[in-house]
Amino acid sequence: MYDPTVARLTYRALLGRRRALILGALPLLLIAISVVVRFLAGADDQTAADLLGGLALATMVPIIGVIAGTGAIGPEIDDGSVVYLLSKPIKRPTIIFTKLIVAIAVTMVFSAVPTLIAGFILNGNGQQVAVAYTVAALVASIAYAALFLLLGTVSRHAVVFGLVYALVWEALFGSLVPGARTLSVQQWSLAVAQKVSGGDLVSSDVGLTTATVLLVAVTVLATWFAGQKLRSLTLAGEE
(Lines give C-alpha, C1' and ligand atoms only; values in the text may rest on other atoms or scores of the structure.)
Protein backbone atom coordinates (compact mmCIF):
# COMPACT_ATOMS: atom_id res chain seq x y z
CA MET A 1 0.00 0.00 0.00
CA TYR A 2 3.03 2.30 0.23
CA ASP A 3 5.30 3.07 -2.70
CA PRO A 4 8.68 4.71 -1.87
CA THR A 5 9.09 6.19 -5.35
CA VAL A 6 5.68 7.91 -5.24
CA ALA A 7 6.48 9.10 -1.72
CA ARG A 8 9.82 10.56 -2.79
CA LEU A 9 8.26 12.42 -5.72
CA THR A 10 5.47 13.74 -3.51
CA TYR A 11 7.88 14.93 -0.82
CA ARG A 12 9.93 16.67 -3.48
CA ALA A 13 6.83 18.41 -4.84
CA LEU A 14 5.61 19.49 -1.39
CA LEU A 15 8.95 20.58 -0.01
CA GLY A 16 10.22 22.56 -2.96
CA ARG A 17 11.74 25.93 -2.13
CA ARG A 18 8.62 28.03 -2.72
CA ARG A 19 6.15 25.69 -1.04
CA ALA A 20 8.48 25.07 1.91
CA LEU A 21 8.65 28.81 2.54
CA ILE A 22 4.85 28.99 2.60
CA LEU A 23 4.61 25.96 4.88
CA GLY A 24 7.15 27.41 7.28
CA ALA A 25 5.73 30.91 7.51
CA LEU A 26 2.81 30.23 9.86
CA PRO A 27 4.78 28.02 12.30
CA LEU A 28 7.48 30.67 12.58
CA LEU A 29 4.81 33.32 13.15
CA LEU A 30 3.19 31.21 15.87
CA ILE A 31 6.49 30.72 17.69
CA ALA A 32 7.42 34.40 17.34
CA ILE A 33 4.07 35.52 18.75
CA SER A 34 4.39 33.01 21.58
CA VAL A 35 7.78 34.44 22.54
CA VAL A 36 6.40 37.98 22.56
CA VAL A 37 3.30 36.99 24.58
CA ARG A 38 5.39 35.11 27.13
CA PHE A 39 7.73 38.08 27.47
CA LEU A 40 4.87 40.57 27.92
CA ALA A 41 2.32 38.55 29.88
CA GLY A 42 4.37 35.85 31.54
CA ALA A 43 3.28 32.23 31.87
CA ASP A 44 -0.51 32.08 31.87
CA ASP A 45 -2.48 28.90 31.20
CA GLN A 46 -5.57 30.64 29.81
CA THR A 47 -3.51 32.81 27.48
CA ALA A 48 -1.67 29.74 26.24
CA ALA A 49 -4.94 27.89 25.59
CA ASP A 50 -6.45 30.88 23.78
CA LEU A 51 -3.43 31.37 21.52
CA LEU A 52 -2.95 27.69 20.72
CA GLY A 53 -6.65 27.24 20.08
CA GLY A 54 -7.19 30.41 18.10
CA LEU A 55 -4.01 30.65 16.05
CA ALA A 56 -2.49 27.17 16.00
CA LEU A 57 -5.46 24.81 15.78
CA ALA A 58 -8.05 27.07 14.17
CA THR A 59 -5.80 28.74 11.60
CA MET A 60 -2.36 27.23 11.16
CA VAL A 61 -3.26 23.53 11.10
CA PRO A 62 -6.05 23.72 8.47
CA ILE A 63 -4.07 26.07 6.21
CA ILE A 64 -1.06 23.76 6.29
CA GLY A 65 -3.43 20.86 5.71
CA VAL A 66 -4.80 22.61 2.63
CA ILE A 67 -1.30 23.23 1.24
CA ALA A 68 -0.07 19.68 1.93
CA GLY A 69 -3.26 17.81 1.05
CA THR A 70 -4.05 19.55 -2.22
CA GLY A 71 -0.39 19.91 -3.14
CA ALA A 72 0.18 16.17 -2.85
CA ILE A 73 -1.78 15.49 -6.05
CA GLY A 74 -3.58 18.60 -7.32
CA PRO A 75 -0.69 20.09 -9.35
CA GLU A 76 -0.03 16.75 -11.05
CA ILE A 77 -3.65 16.56 -12.19
CA ASP A 78 -3.69 20.19 -13.30
CA ASP A 79 -0.57 19.96 -15.48
CA GLY A 80 -1.30 16.45 -16.74
CA SER A 81 1.83 14.85 -15.31
CA VAL A 82 -0.37 12.44 -13.34
CA VAL A 83 -0.74 10.49 -16.59
CA TYR A 84 2.92 9.48 -16.34
CA LEU A 85 2.37 8.22 -12.80
CA LEU A 86 -0.77 6.34 -13.75
CA SER A 87 1.04 4.63 -16.61
CA LYS A 88 3.27 2.83 -14.14
CA PRO A 89 2.29 -0.60 -12.76
CA ILE A 90 1.22 0.83 -9.42
CA LYS A 91 -2.22 0.23 -7.97
CA ARG A 92 -4.33 3.38 -7.75
CA PRO A 93 -5.15 2.89 -4.04
CA THR A 94 -1.42 2.60 -3.40
CA ILE A 95 -0.82 5.97 -5.08
CA ILE A 96 -3.53 7.64 -3.01
CA PHE A 97 -2.49 5.99 0.25
CA THR A 98 1.16 6.90 -0.28
CA LYS A 99 0.30 10.51 -1.06
CA LEU A 100 -1.97 10.60 1.99
CA ILE A 101 0.84 9.36 4.25
CA VAL A 102 3.15 12.05 2.86
CA ALA A 103 0.51 14.77 3.26
CA ILE A 104 -0.18 13.67 6.84
CA ALA A 105 3.52 13.61 7.70
CA VAL A 106 4.15 17.08 6.26
CA THR A 107 1.07 18.52 7.97
CA MET A 108 2.07 17.02 11.31
CA VAL A 109 5.66 18.27 11.13
CA PHE A 110 4.69 21.80 10.17
CA SER A 111 1.76 22.08 12.58
CA ALA A 112 2.05 19.75 15.58
CA VAL A 113 5.75 20.35 16.25
CA PRO A 114 5.43 24.17 16.28
CA THR A 115 2.31 23.86 18.44
CA LEU A 116 4.24 21.86 21.01
CA ILE A 117 7.14 24.33 20.96
CA ALA A 118 4.78 27.30 21.26
CA GLY A 119 2.93 25.64 24.13
CA PHE A 120 6.10 25.10 26.14
CA ILE A 121 7.17 28.67 25.45
CA LEU A 122 3.83 30.06 26.60
CA ASN A 123 3.34 28.21 29.87
CA GLY A 124 5.72 25.27 30.07
CA ASN A 125 2.88 22.81 29.41
CA GLY A 126 0.94 23.92 32.49
CA GLN A 127 -2.27 21.87 32.87
CA GLN A 128 -1.13 19.80 29.87
CA VAL A 129 -2.16 22.60 27.50
CA ALA A 130 0.80 22.21 25.15
CA VAL A 131 0.47 18.43 24.91
CA ALA A 132 -3.32 18.58 24.53
CA TYR A 133 -3.21 20.99 21.61
CA THR A 134 -0.33 19.07 20.06
CA VAL A 135 -2.42 15.89 20.14
CA ALA A 136 -5.30 17.87 18.63
CA ALA A 137 -3.01 19.08 15.85
CA LEU A 138 -1.82 15.53 15.18
CA VAL A 139 -5.36 14.17 15.00
CA ALA A 140 -6.61 17.07 12.88
CA SER A 141 -3.65 16.63 10.50
CA ILE A 142 -4.88 13.17 9.52
CA ALA A 143 -8.45 14.25 8.76
CA TYR A 144 -7.45 17.49 7.02
CA ALA A 145 -4.89 15.71 4.84
CA ALA A 146 -7.49 13.14 3.74
CA LEU A 147 -10.17 15.77 3.07
CA PHE A 148 -7.92 18.10 1.12
CA LEU A 149 -6.28 15.26 -0.79
CA LEU A 150 -9.78 14.32 -1.93
CA LEU A 151 -10.44 17.92 -2.95
CA GLY A 152 -7.22 17.87 -4.94
CA THR A 153 -8.47 14.91 -6.95
CA VAL A 154 -11.95 16.24 -7.70
CA SER A 155 -11.45 19.96 -8.32
CA ARG A 156 -9.02 22.33 -9.99
CA HIS A 157 -9.98 24.88 -7.33
CA ALA A 158 -9.15 22.64 -4.39
CA VAL A 159 -7.11 25.27 -2.54
CA VAL A 160 -9.98 27.76 -2.71
CA PHE A 161 -12.55 25.22 -1.52
CA GLY A 162 -10.20 24.04 1.21
CA LEU A 163 -9.67 27.55 2.52
CA VAL A 164 -13.41 28.22 2.38
CA TYR A 165 -14.05 25.16 4.52
CA ALA A 166 -11.25 25.86 6.97
CA LEU A 167 -11.61 29.62 7.36
CA VAL A 168 -15.26 30.26 6.55
CA TRP A 169 -17.12 27.14 7.63
CA GLU A 170 -15.05 26.21 10.68
CA ALA A 171 -13.90 29.64 11.83
CA LEU A 172 -16.87 31.84 10.88
CA PHE A 173 -19.95 29.60 10.84
CA GLY A 174 -18.52 27.47 13.60
CA SER A 175 -18.41 30.48 15.89
CA LEU A 176 -21.88 31.73 14.92
CA VAL A 177 -23.93 28.59 14.32
CA PRO A 178 -23.68 25.94 17.06
CA GLY A 179 -24.92 23.14 14.78
CA ALA A 180 -22.08 23.75 12.33
CA ARG A 181 -19.55 22.80 14.97
CA THR A 182 -20.65 19.17 14.78
CA LEU A 183 -19.27 19.04 11.22
CA SER A 184 -15.93 20.57 12.16
CA VAL A 185 -12.59 18.77 12.18
CA GLN A 186 -11.42 21.40 14.63
CA GLN A 187 -14.12 20.47 17.16
CA TRP A 188 -13.48 16.76 16.69
CA SER A 189 -9.79 17.22 17.45
CA LEU A 190 -10.63 19.45 20.41
CA ALA A 191 -12.69 16.61 21.87
CA VAL A 192 -9.54 14.47 21.88
CA ALA A 193 -7.51 17.34 23.34
CA GLN A 194 -10.08 17.84 26.09
CA LYS A 195 -9.63 14.22 27.13
CA VAL A 196 -5.84 14.65 27.20
CA SER A 197 -5.90 17.87 29.22
CA GLY A 198 -8.49 16.68 31.70
CA GLY A 199 -9.29 20.26 32.67
CA ASP A 200 -11.54 23.16 31.73
CA LEU A 201 -9.07 25.05 29.53
CA VAL A 202 -9.73 22.86 26.50
CA SER A 203 -13.32 22.15 25.54
CA SER A 204 -15.31 20.90 22.57
CA ASP A 205 -18.95 20.97 21.51
CA VAL A 206 -18.66 17.36 20.33
CA GLY A 207 -18.42 14.30 22.56
CA LEU A 208 -15.28 12.16 22.41
CA THR A 209 -17.03 9.07 21.03
CA THR A 210 -18.79 11.02 18.30
CA ALA A 211 -15.61 12.89 17.45
CA THR A 212 -13.58 9.69 17.17
CA VAL A 213 -16.14 8.01 14.93
CA LEU A 214 -16.38 11.05 12.67
CA LEU A 215 -12.61 11.46 12.43
CA VAL A 216 -12.16 7.84 11.38
CA ALA A 217 -15.15 7.87 9.03
CA VAL A 218 -14.13 11.07 7.24
CA THR A 219 -10.53 9.92 6.85
CA VAL A 220 -11.47 6.49 5.50
CA LEU A 221 -14.26 7.70 3.20
CA ALA A 222 -12.24 10.60 1.81
CA THR A 223 -9.30 8.29 1.08
CA TRP A 224 -11.54 5.69 -0.57
CA PHE A 225 -13.35 8.24 -2.70
CA ALA A 226 -10.06 9.82 -3.79
CA GLY A 227 -8.90 6.38 -4.92
CA GLN A 228 -12.11 5.91 -6.90
CA LYS A 229 -11.69 9.30 -8.53
CA LEU A 230 -8.11 8.52 -9.49
CA ARG A 231 -9.27 5.23 -10.98
CA SER A 232 -11.84 7.08 -13.11
CA LEU A 233 -9.11 9.42 -14.35
CA THR A 234 -7.21 6.36 -15.51
CA LEU A 235 -10.20 5.03 -17.41
CA ALA A 236 -10.78 8.38 -19.03
CA GLY A 237 -7.18 8.47 -20.20
CA GLU A 238 -7.38 4.99 -21.60
CA GLU A 239 -10.54 5.80 -23.48
Side-chain angles (χ1 to χ4, degrees), residues 1-15 19 23 61-78 81-83 85-112 135-166 169-170 182-189 191-192 206 209-237:
M1 291 296 292
Y2 182 85
D3 188 273
T5 301
V6 174
R8 185 174 65 253
L9 293 173
T10 307
Y11 276 118
R12 186 180 301 171
L14 286 178
L15 300 178
R19 199 178 296 271
L23 285 169
V61 180
I63 289 179
I64 291 176
V66 168
I67 297 171
T70 61
I73 195 169
E76 292 176 306
I77 294 177
D78 290 343
S81 60
V82 72
V83 175
L85 182 61
L86 296 179
S87 67
K88 301 299 179 181
I90 306 174
K91 294 181 179 179
R92 306 306 173 250
T94 298
I95 295 174
I96 288 296
F97 184 76
T98 301
K99 287 183 174 294
L100 175 63
I101 294 300
V102 173
I104 289 173
V106 170
T107 306
M108 285 182 172
V109 168
F110 283 91
S111 62
V135 171
L138 290 170
V139 170
S141 294
I142 300 173
Y144 280 134
L147 276 174
F148 299 138
L149 178 66
L150 171 60
L151 280 178
T153 65
V154 301
S155 173
R156 291 180 178 273
H157 307 289
V159 173
V160 175
F161 290 137
L163 291 175
V164 167
Y165 171 79
W169 177 264
E170 290 201 342
T182 305
L183 300 177
S184 167
V185 173
Q186 178 187 339
Q187 291 297 323
W188 304 341
S189 60
V192 180
V206 182
T209 301
T210 301
T212 303
V213 171
L214 289 173
L215 282 166
V216 173
V218 165
T219 302
V220 172
L221 289 175
T223 305
W224 175 82
F225 195 78
Q228 295 299 112
K229 176 62 178 176
L230 194 63
R231 184 170 296 171
S232 70
L233 288 176
T234 305
L235 293 174

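Quantities reported herein were computed from a predicted structural model and do not represent experimental measurements.
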Does any part of the side chain of [Y], heavy atoms only, come nearer than 4.5 Å to the side chain of [X], both counted from C-beta?
{"X": "Gln228", "Y": "Pro93", "result": "no"}
{"X": "Val6", "Y": "Val102", "result": "no"}
{"X": "Leu215", "Y": "Val192", "result": "yes"}
{"X": "Asp3", "Y": "Ile90", "result": "yes"}

Provide the closest heavy-atom pair for [X] versus [Y] in the form atom of the first, atom of the second, distance.
{"X": "Ile101", "Y": "Tyr2", "answer": "CG2-CE1, 4.0 Å"}
{"X": "Ala158", "Y": "Thr70", "answer": "CB-CG2, 3.6 Å"}
{"X": "Ala146", "Y": "Thr223", "answer": "CB-OG1, 4.0 Å"}
{"X": "Val66", "Y": "Leu163", "answer": "CG2-N, 4.1 Å"}
{"X": "Val61", "Y": "Ser111", "answer": "CG2-CB, 3.8 Å"}
{"X": "Ala145", "Y": "Leu100", "answer": "C-CD1, 3.9 Å"}

Could you give the distance from [atom1] ([X]) to [atom2] ([Y]), rounded to the nearest 0.5 Å?
{"X": "Leu214", "Y": "Ser189", "atom1": "CG", "atom2": "OG", "result": "12.0 Å"}
{"X": "Met108", "Y": "Leu138", "atom1": "CE", "atom2": "CG", "result": "5.0 Å"}
{"X": "Lys99", "Y": "Thr153", "atom1": "NZ", "atom2": "OG1", "result": "11.5 Å"}
{"X": "Ile67", "Y": "Leu23", "atom1": "CD1", "atom2": "CG", "result": "5.0 Å"}
{"X": "Trp224", "Y": "Ile96", "atom1": "CH2", "atom2": "CD1", "result": "12.5 Å"}
{"X": "Gln187", "Y": "Thr210", "atom1": "CD", "atom2": "OG1", "result": "12.5 Å"}

If we ignore hydrogens and angles and just use 3.5 Å, is the side chain of [X] paired with the main-chain N or O of [Y] as donor and acceptor?
{"X": "Lys229", "Y": "Val154", "answer": "no"}
{"X": "Trp188", "Y": "Ala143", "answer": "no"}
{"X": "Trp169", "Y": "Leu183", "answer": "yes"}

Exercise for review: Classify the angle between the aromatic ring planes of Phe148 and Tyr144 as parallel (below 30°), tilted (30 to 60°) or perpendicular (above 60°).
Suggested key: parallel
Check your understanding: Going through the checks in order, is the side chain to side chain contact (heavy atoms under 4.5 Å, CB included) test met by Phe110 and Leu15?
Key -> CA-CA 11 Å; Phe110 283 91; Leu15 300 178; 3.9 Å; yes
Review point. Can Val106 and Tyr11 be said to form a side chain to side chain contact (heavy atoms under 4.5 Å, CB included), step by step?
Key: CA-CA 8 Å; Val106 170; Tyr11 276 118; 4.0 Å; yes
Practice item. Report the C-alpha distance between Leu149 and Ile73 in whole Å, list the side-chain angles of each, state the deciding distance to 0.1 Å, and finish with yes or no for side chain to side chain contact (heavy atoms under 4.5 Å, CB included). Key: CA-CA 7 Å; Leu149 178 66; Ile73 195 169; 3.6 Å; yes
